[in-house]
Protein chains: 2
Amino acid sequence: MTPSLTSTKDIAEEVLDRFWETVPPLWGQVRGHIRAAAAEKFRLSEEQFQVLRLIRAGKGSVSQVAAARHITRPAISQAVDALVQRGLLTRTQDEDDRRHMQLALTDSGRETMDAVFKATRAWMRSRMAGFSERELENVIRAMETLRKMLE
Amino acid sequence: MTPSLTSTKDIAEEVLDRFWETVPPLWGQVRGHIRAAAAEKFRLSEEQFQVLRLIRAGKGSVSQVAAARHITRPAISQAVDALVQRGLLTRTQDEDDRRHMQLALTDSGRETMDAVFKATRAWMRSRMAGFSERELENVIRAMETLRKMLE
DNA sequence: TTATAATAGTTTCGTTACTTAACTATTAAG
DNA sequence: CTTAATAGTTAAGTAACGAAACTATTATAA
């Protein structure tokens, strides 16, 4: 048996085990925090937070947000609708392609997101205290690798 | 200003940015895959998959699963109920502390989970193809760090 | 040109995934 | 021995989805 092939297989297996014991609890915890921070202070559901976050990050349409979240367009359409009604988002028809609705944060939406991010950042920062620069750099590199795995 | 302090701050900031652009899409994609694989083949919702996964990983009570998922006990209680009715889980009263209900997979539950995991593993493994041993080892180390951040 | 297909978004309707509040049963602590 | 804490459930309501069917618009191709 080829040693390199075998050990590569073992590492893949190891990554999978670590993945299951790390990512779901990590995500669950962040999710729980967002629910507490965003929901209570700003009356934002986690879903609404995610939609606003992605639009803030440059996604400009229902389809783009849906693709990024890996959920269906109707789900995003509904979330967007609520956010427009709450004055956090605008939906304007594109002149060149009138099927396309351009999504954008309002001033109020931007302010809300800044505030939520600030609170979340402070919380996450406190979790990172006590870790060495080396460890954190390593985490950054790992995230790059993981991101490449998403195509 | 202390250089090490400044650069530590910058790294924390960097980790946060990477986190937001990596973890939610990663999790969303895995989630989407679970929905497709577990739901269609085995009629398991994502929530049910998560509950079974945690019990398989050693969580033995509604409270433990709820804590691990960062959601409320009633939510887990209901999910467990459905799984018991479907014959994937057993709920037996603990003799020493009769408030406590011991949760355990049935043979059918174990088989189902093995099958779902096998399918998911194959899918994830295909995503990891093309990455070097070094990169994957780095991911493992990073997951350890992240796990420590969860206490 | 005009069908036809593809794309962007929405509406409707149903199901599932939660939450909060109130409840039972049991054990622990004052 | 009563009060508090813990484990779990039930009930009722809401939000977060998905599937299917629909409108409007643009692209393709006959």
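Just so it is clear: chains get the letters A, B, ... in the order the sequence lines come, proteins before strands, and each one is counted from 1.
Within 4.0 Å (heavy atoms only), R73(A) reaches at least one base atom of the nucleic acid. D94(A) comes within 4.0 angstrom of nothing in the nucleic acid, heavy atoms only. In this structure, T72(B) reaches the bases: a heavy-atom distance under 4.0 Å links it to at least one base atom across the strands shown.
Here dA17(C) presents its P atom at 19 Å from NE2 of H70(B), a figure rounded to the nearest Å. Distance CZ (R99(A)) to P (dA5(C)): 16 Å, rounded to an integer number of Å. In this structure, Q78(B) atom CD and dC18(C) atom P are separated by 10 Å, rounded to whole Å. When the P atom of dT16(C) is taken as reference, atom CD1 of I76(B) falls 17 Å away, rounded to whole Å. The separation between R31(B) atom CZ and dT16(C) atom P is 15 Å, rounded to whole Å. Distance, D97(A) CG to dA6(C) P: 17 Å, rounded to whole Å.
With sequence neighbours excluded, the residues forming a side chain to side chain contact (heavy atoms under 4.5 Å, CB included) with R99(A) are D97(A), listed by chain and number.
In terms of position along DNA chain D, the nucleotide closest to A75(A) lies nearer the 5' end than the nucleotide closest to the other residue of the pair A75(A) and R98(A). Heavy-atom nearest nucleotides on DNA chain D were determined for V80(B) and for I71(A), and the one closer to the 5' end corresponds to V80(B).
Side-chain to base pairing of E47(B) with dC18(C): no donor and acceptor N or O lie closer than 3.5 Å to each other.
Remark: side-chain polar atoms of S126(B) are paired, donor with acceptor, to backbone N or O of W123(B) under 3.5 angstrom. Looking only at distances, a side-chain donor or acceptor of R127(B) sits under 3.5 Å from a matching main-chain atom of M149(A). Using a distance-only test at 3.5 Å, with no hydrogens or angles considered, a donor-acceptor pair links the side chain of Q48(A) to the main chain of S45(A). Under a 3.5 Å cut-off, the side chain of E135(A) and the backbone N or O of S132(A) do form a donor-acceptor pair. Proximity of a side-chain donor or acceptor of T90(A) to a complementary backbone N or O of T106(A) within less than 3.5 Å is not detected.
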Notebook entry, point to check: How does DNA chain C look in dot-bracket notation if pairs are Watson-Crick or G-U with both distances under 3.5 Å, crossing ones as [ ], other-strand ones as |?
Noted result: .||||||||||||||||||||||||||||.
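For DNA chain D, the outermost nucleotides in 5' to 3' order that have an atom under 4.0 Å from a heavy atom of chain A are dA16(D) to dT26(D).
Just one residue in the list L54(A), I71(A), D81(A), L103(A) forms a side chain to side chain contact (heavy atoms under 4.5 Å, CB included) with I76(A), and that residue is I71(A).
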Checklist line | CA sep, side-chain torsions, deciding dist, call: E14(B), R18(B), salt bridge (charged side-chain N to carboxylate O under 4.0 Å, His left out) | finding: CA-CA 6 Å; E14(B) 181 81 11; R18(B) 301 286 180 163; 2.9 Å; yes
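A cation-pi arrangement, defined by a distance under 6.0 Å to the six-membered ring centre and an angle within 45 degrees of its axis, is absent between R53(A) and F117(A).
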